[in-house]
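What follows is a single structure, written as structure tokens, with notes after it.
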Number of protein chains: 2
Amino acid sequence: MKTHTESEENYIKALYHLGGDQPVSNGDLAQRIGAKGSSVTQAVKRLGQKDLVNVVPYKGVQLTQQGIRLAKSILRKHRLWETFLVDKLGFGWDEVHPLAEQLEHIQSEELVDRLFKFLGSPKHDPHGDPIPERDGQMPPVLGQPIGAFTTGAEIRIVRVEDAGTEFFDQLETMNINLGNTYEIRAISAFDSSVELGSSTGSFWLSQSMCANIYAIQS
Amino acid sequence: MKTHTESEENYIKALYHLGGDQPVSNGDLAQRIGAKGSSVTQAVKRLGQKDLVNVVPYKGVQLTQQGIRLAKSILRKHRLWETFLVDKLGFGWDEVHPLAEQLEHIQSEELVDRLFKFLGSPKHDPHGDPIPERDGQMPPVLGQPIGAFTTGAEIRIVRVEDAGTEFFDQLETMNINLGNTYEIRAISAFDSSVELGSSTGSFWLSQSMCANIYAIQS
DNA sequence: CTTTTATTTTAGGCAAAGCTAAAAATTATT
DNA sequence: AATAATTTTTAGCTTTGCCTAAAATAAAAG
């Protein structure tokens, strides 16, 4: 596997995020990358010459098989580094993303493999997102939004959306962490907020909080 | 502290390595960086505009105080990452340098501080080289070449020069590691090789091996 | 089914970093 | 001290990657 520039890798990542294997528009890509459309046009042309994407002018860009493989390998690195930063260095959920964006560009298969082992061969990162395996396989995406359960259900938090600093702060102050278990005590018919109960008491979660927190029945 | 390009940081590192706070010639710098003299002329001009170096055309380039501070912070990161790779991920001595060259460019004070603590606040890296402290202070450079001791001395290996893969391989096969203790049994008057003894037996070390292995009296 | 609007591409510029080849300055040698 | 040899700089070119402004195309609206 050849070596790519950081910019190239960022485009691949963005493409994967926005469309997976589906075509993505120039505009959406530009927005995601934070560059102007004209820059994107050029960039994807370069990617096309390396067979990482297929470009249909005026129509959209689509990752090739090779592009998808690269995207997954970057995502793997990103999520492994996030795991490292949280589990080993004690960073908070909301702090790790920008750091992982730098670390994900480090080139070394060997390093990734060793890091993976060092972290205990994790299947999911600290947010509960699946970490692609070496061969590109994806572990399952866990859970469903808390609002999707019914009263009386026993649930365990398994994943949270990356919905920004304020969201993570709120989780922190409410002491909500992956692995926590609760009982669904009530669901408001008025505003869809949910009452969660545990051994230490109970509290209400707003609908928008619930929408970003995923759980499984336990 | 502003953010610098990788290229800039590489020049600063090279400058520090070659001259410390002393002027360095264009040629030496070019050789170290692996670029042509003309590229170096341009590069140092850019560094000069950022007050990282003082340039005297046709005479040489010299790090400023600010440049030295930056150089040390990069070296700190380099050696902390090397420590991480060896101590935590189990890499061998000779494998870590190129990886650390990538990792040393990651920008985050916070990350460095946490990594430092995670590694047990080390003063020296896996080769025994001093790790600059946060404030730029340098721990002592340890030991003297094995050839500098006299017969009968009890010594402990504290540092090895980065003298290439073959050297490290030789250390490996001879099972020589930092912390090992030996007695100087004999020094050849013919070729300056040295006989080292331990509880498990004794062996001879060539003069050029000795020159790259540093020890202290223990 | 045109015309207006929105999106995308082209054209031309700029900065970082590298290169080669030629000119200038320094150092070394008669 | 004058010339030869070496080193350094300048000049001009290349690629990546971004920009703005203008032209071209596609999509939406009348």
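Chain naming here is simple, since letters A, B, ... match the order of the sequence lines and numbering starts at 1 in each.
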N/O (side chain, T41(A)) to phosphate O (OP1/OP2, dT9(C)) under 4.0 Å: yes
Integer-rounded Å distance: dT15(D) P and Q49(A) CD: 11 Å
Any K45(A) side-chain nitrogen or oxygen under 4.0 Å from OP1 or OP2 of dT9(C): no
Length of the CG-C1' vector between N26(A) and dC19(D), whole Å: 15 Å
Listed nucleotide nearest any side-chain atom of T5(B), set dT9(C), dA16(C), dG17(D): dA16(C)
T83(A)/F116(A) under side-chain contact (heavy atoms from CB on, under 4.5 Å): CA gap, chis, key distance, verdict: CA-CA 9 Å; T83(A) 306; F116(A) 176 67; over 6 Å; no
Atom-to-atom span, NZ of K50(B) to P of dA15(C) - whole angstrom: 13 Å
Plane angle bin for F84(B) and F118(A) - parallel if under 30°, tilted between 30 and 60°, otherwise perpendicular: perpendicular
Under-4.0 Å side-chain N/O to phosphate OP1/OP2 contact, K59(A) with dA27(D): yes
Minimum-distance nucleotide to Q42(B) side chain [options: dT9(D), dG18(C), dT16(D)]: dG18(C)
Sugar-phosphate, base or nothing in reach of S39(A), heavy atoms under 4.0 Å: base
Sugar-phosphate only, base, or nothing, as touched by G27(B) at under 4.0 Å among non-hydrogen atoms: sugar-phosphate
Nearest-Å distance for atom pair CG/P, residues N10(A) and dT16(D): 17 Å
OH-CG distance between Y11(A) and L47(A), expressed to the nearest 0.5 angstrom: 8.5 Å
Side-chain N or O of S38(B) closer than 4.0 Å to phosphate OP1/OP2 of dT9(D): no
Along DNA chain D (nearest heavy atom to each residue), the more 5'-positioned of G37(B) and A43(A): G37(B)
Distance, rounded to the nearest Å, where E6(A) contributes CD and dA16(C) contributes P: 18 Å
Residue R46(A), side-chain heavy atoms: nucleotide from dA16(C), dC18(D), dC19(C) that is nearest: dC18(D)
Any Y11(B) side-chain N or O less than 4.0 Å from OP1/OP2 of dG18(C): yes
Separation of dT15(D) P from H4(A) NE2 (nearest whole Å): 19 Å
Protein-nucleotide distance (L29(A), atom CG; dT8(C), atom P), rounded to Å: 10 Å
Neighbour count above 12 (heavy atom, 6.0 Å) for E110(B) CD: yes
Short side-chain N/O contact to dG18(C) OP1/OP2 from K36(B), under 4.0 Å: no
Rounded distance (Å) that lies between atom P of dT9(C) and atom OH of Y58(A): 6 Å
Heavy-atom check, side chain of H4(B) versus side chain of H105(B), under 4.5 Å: no
